[in-house]
Structure formats: C-alpha cells, structure tokens
Amino acid sequence: MSHHNTPEQSQLGRASAYVDRYDPGLLFPIPRSTQREAMGLATGPLPFFGADLWTAFELSWLNRRGKPQLAIAHFTVPCETPNIIESKSFKLYLNSFNGTVFTDAEAVRERLRADLGEAVWRGSDRAASIGVKLIAPELFDREQVHELDGLDLDRLDIECTHYQPAPELLSSDATEVPVTETLVSRLLKSNCLVTGQPDWGSVQVRYSGAPIDQAGLLAYIVSFRNHNEFHEPCVERMFLDIWRRCQPTKLAVYARYTRRGGLDINPFRTSWPQALPQNIRTARQ
C-alpha cells in the first residue's frame, strides 16, 4: 500500500516537542509529484535539471567528552528525487543532534548523508545520494555574502496589480535579435503552503532567446506575493511559465530564500546540464 505524506500532516504550524537526542524518524518527506502534476508534469522526463541547495546554520553535536561542536552545513538535493523534506521536520531532525555524541564531524556528515538521502529518495527504485558539506568554525571567515549577479529588474517603476501567479504577464519579442542575459529581482515573496507565513527571496533568470519583456517579468515575479506554495515548486512554476510563454532556447531560474528556523532553501532549475551555483548567501540570508 502506498502512503504519501501531505503537507497538512507535517509539524508545520504545530507546537513541537524539541528532541535533543538523535532521531531520524523526525524527517518528513513530501512527494514532489503532487505539485508537479498540478503544473502539467505528470508524465515523461522532467523539462529541467537542477537541485535544491540548502544551508543549515544551526547544527551542533557533542564530542566524546560532551563538549559541544558546531558547523554550517550545505546540502545538495537533486531535483530528480521523488521527495522534498518539509523544512520544519528538517529543523527538528537537526536539533536532535544537539545532545548526541559523535566521534567527529565526518561521522556527523555521514549520518546526515545517509538519513537525508534515504528520505528524499524514499519510494524510488534509485538509491542515489545527496551532497553534504560541513564547514568548520575555523573556516567561517571565508564564507561570502554576495548578491545575485545580473541586471536589476527592481529599478523599473512599474504598476503591480497581480498578487497571485499571473503567467499572462510574461512575453518575449520574437521580431528582435536574440539575446543572452541575466535578470534579477529581490522582490520575490511567497507564503508557506500550510501556515501562510511569508517566505522572502531573490530570484535570478538567465536565458538565451527572444528578449523577454522586463517590466512584465518583474510584475510576474511580484505576482507570487500572496501565493501559498513551498519554495521548490515556486521555482519550478516560474521556470515552466517563462519556458512556455517566452520560449527561450535556454533558461535557468535560481531563487535564494531567506532562512527560516536556521535553514535556507535555494532551488535552481535549468534547461541544460551545467554546474550548480555555489551556495553563497545574499545579504538578507
């Protein structure tokens, strides 16, 4: 019997017991398929490559003498995984390391990789992995803060009247010479699917093809403002709407959302295989 977790069954919006002893059962995977089917991606290969880049700023455990250790963790979850991890369950799971003894940071990394890999690939015939990188405190000084590169759409003085996703705002001009350009905005906001809490983000659109109308693209990004959806499908929705309506020959959409509960989620989707962006935070993250 197949049983799919739904967002409403998660710990979102509930009073939670904070467990400080290691418990992988806290992880709550949610199928990507529900939202993808709603966007018309029910069958066939995905029209994009990419991954979700997570950062955990609140990771701590005990060494064998009971002394607290800490690190920043970067996680790379391929977009082909059948599941995402609901972020509050991810936070509760990481908290369960707080009072748990590990021999060293490598043991922590391996535990994270095994547990998270199992959860995101659960229900799949693939037993693939995810990327986990721990950054030790002595390397924190090397951590960069950098805004997304590109032409700033927010400079445009536009009227905004749509606050639910409005793909009809998107257009490109096929009579113009094709361009390759990168456009960015800090005005992305959506809301948590379950709690309605605001999620703030910046988004970068890289494409080749007929020039995309910049005012329309900015109004489209703003149109997510009252939309209730998790970060990952928001970015996939953006990718699909731009791909279908503007018909570029190449497209990559990358969003960096501000952290919640010590975690940020940064989905990247691209029409062609390429290296993932480096997980470098923006000023608001």
Side-chain angles (χ1 to χ4, degrees), residues 12 50-60 70-79 84-95 97 109 112 116 120 130-155 182-206 218 221-222 224-239 252-270 274-285:
L12 283 169
D52 308 320
L53 310 179
W54 292 68
T55 317
F57 294 95
E58 299 175 11
L59 173 62
S60 183
L70 55 86
I72 294 172
H74 287 172
F75 305 99
T76 305
V77 179
C79 69
I84 62 171
I85 300 289
E86 184 278 299
S87 65
K88 186 173 180 181
S89 81
F90 202 151
K91 167 187 153 179
L92 294 172
Y93 163 74
L94 292 177
N95 275 336
F97 283 62
R109 193 184 77 86
L112 291 167
L116 293 161
V120 297
I130 66 162
V132 180
K133 177 185 174 190
L134 297 192
I135 298 165
E138 58 269 23
L139 299 178
F140 285 177
D141 227 11
R142 295 190 198 168
E143 286 293 281
Q144 296 178 50
V145 175
H146 183 72
E147 295 301 288
L148 292 171
D149 293 317
L151 180 62
D152 183 16
L153 292 171
D154 303 344
R155 75 190 192 284
T182 303
L183 306 170
V184 297
S185 172
R186 296 181 182 86
L187 300 186
L188 175 60
K189 174 193 166 286
S190 52
N191 301 319
C192 172
L193 180 65
V194 177
T195 65
Q197 292 288 315
D199 294 323
W200 305 96
S202 298
V203 62
Q204 178 189 64
V205 175
R206 285 192 289 139
L218 179 57
I221 292 167
V222 168
F224 279 73
R225 195 165 184 84
N226 290 338
H227 181 58
N228 294 358
E229 197 167 45
F230 290 140
H231 302 6
E232 300 92 336
C234 275
V235 172
E236 293 184 358
R237 183 179 296 279
M238 278 186 227
F239 179 97
V253 178
Y254 180 35
R256 293 200 62 90
Y257 280 91
T258 59
R259 72 179 86 161
R260 174 89 67 77
L263 288 164
D264 67 34
I265 309 172
N266 309 285
F268 175 71
R269 300 293 183 269
T270 170
Q274 58 171 301
L276 295 171
Q278 286 185 285
N279 194 350
I280 297 173
R281 70 186 177 95
T282 63
R284 288 193 299 165
Q285 293 184 294

(message) Could you check whether any side-chain heavy atom of R269 comes within less than 4.5 Å of a side-chain heavy atom of E232, counting everything from C-beta outward?
(response) yes

(request) Would you give the length of the straight line joining atom CG of N228 to atom SG of C192, rounded to the nearest 0.5 angstrom? (result) 8.0 Å

(request) Please name all residues satisfying side-chain contact (heavy atoms from CB on, under 4.5 Å) with D154, sequence neighbours left out, ordered by chain then number. (result) D152, S185, R186, L187, L218

(request) For T55, enumerate each residue passing the side-chain contact (heavy atoms from CB on, under 4.5 Å) test, keeping only those at least two apart in sequence or located in another chain. (result) F57, I72, H74, R256, D264, N266, N279

(message) Tell me whether the count of non-hydrogen atoms from other residues, nucleotides or ligands lying under 6.0 Å of CD in Q144 goes above 12.
(response) no

(request) Begin with the C-alpha distance, continue with both residues' side-chain angles, and end with the deciding distance and a verdict on side chain to side chain contact (heavy atoms under 4.5 Å, CB included) for T182 and Y254. (result) CA-CA 11 Å; T182 303; Y254 180 35; over 6 Å; no

(message) Tell me every residue that passes side-chain contact (heavy atoms from CB on, under 4.5 Å) with D149, counting only those two or more places apart in sequence or in another chain.
(response) H146, Q204

(request) Answer yes or no: is there a side-chain heavy-atom contact under 4.5 Å between S87 and R260? (result) no

(message) Using 0.5 Å steps for rounding, measure from the OG1 atom of T282 to the CD1 atom of I280.
(response) 11.0 Å

(request) With the side chain counted from C-beta on, respond yes when Q274 and R206 share a heavy-atom pair under 4.5 Å apart, and no when they do not. (result) yes

(message) Side chains of I85 and V77, heavy atoms from C-beta outward: is any pair under 4.5 Å?
(response) no

(request) Any chance you could measure I130, atom CD1, to T76, atom OG1, to the nearest 0.5 Å? (result) 8.0 Å

(message) Testing the basics here: between Q285 and Y257, what is the closest heavy-atom pair and its distance to 0.1 Å?
(response) NE2-O, 2.7 Å

(request) Identify the two heavy atoms, one from P198 and one from K189, that lie closest to each other, and give their separation to 0.1 Å. (result) CB-CE, 3.7 Å

(request) Please check if atom CZ in R155 has more than 12 non-hydrogen atoms from other residues, nucleotides or ligands closer than 6.0 Å. (result) yes

(request) Drop me the distance from M238's CE to F224's CZ, to the nearest 0.5 angstrom. (result) 4.5 Å

(request) Would you check if V184 and E147 make a side-chain contact, meaning some heavy-atom pair closer than 4.5 Å? (result) no

(request) Identify, with sequence neighbours excluded, every residue that meets ring-ring contact (aromatic ring centres under 6.0 Å, His included) alongside F75. (result) F90

(request) For R109 and K133, indicate whether the former's side chain and the latter's backbone hold a donor-acceptor pair under 3.5 Å. (result) no

(request) For the pair D199 and R225, find out whether any cationic side-chain nitrogen is under 4.0 Å from an anionic carboxylate oxygen. (result) no

(request) Kindly compute the distance separating CZ (F268) from CZ (F239), expressed to the nearest 0.5 Å. (result) 9.5 Å

(request) Applying side-chain contact (heavy atoms from CB on, under 4.5 Å), name anything that partners P233, two or more places apart in sequence or on another chain. (result) Q35, M39, E229, F230

(message) Quick check for you: to the nearest 0.5 Å, what is the distance between L139 atom CG and L134 atom CG?
(response) 11.0 Å

(request) Quick one: closest heavy-atom pair of T270 and G50, and the distance? (result) CG2-N, 4.5 Å

(request) Find out whether C234 and H227 are in side-chain contact, i.e. whether some heavy atom of one side chain is under 4.5 Å from a heavy atom of the other. (result) yes

(request) Please name all residues satisfying ring-ring contact (aromatic ring centres under 6.0 Å, His included) with Y93, sequence neighbours left out, ordered by chain then number. (result) F97

(request) Please report the shortest heavy-atom distance between A56 and L94, naming the atom on each side. (result) CB-CD1, 3.6 Å

(message) Between I265 and I84, is there a side-chain heavy-atom distance shorter than 4.5 Å?
(response) no

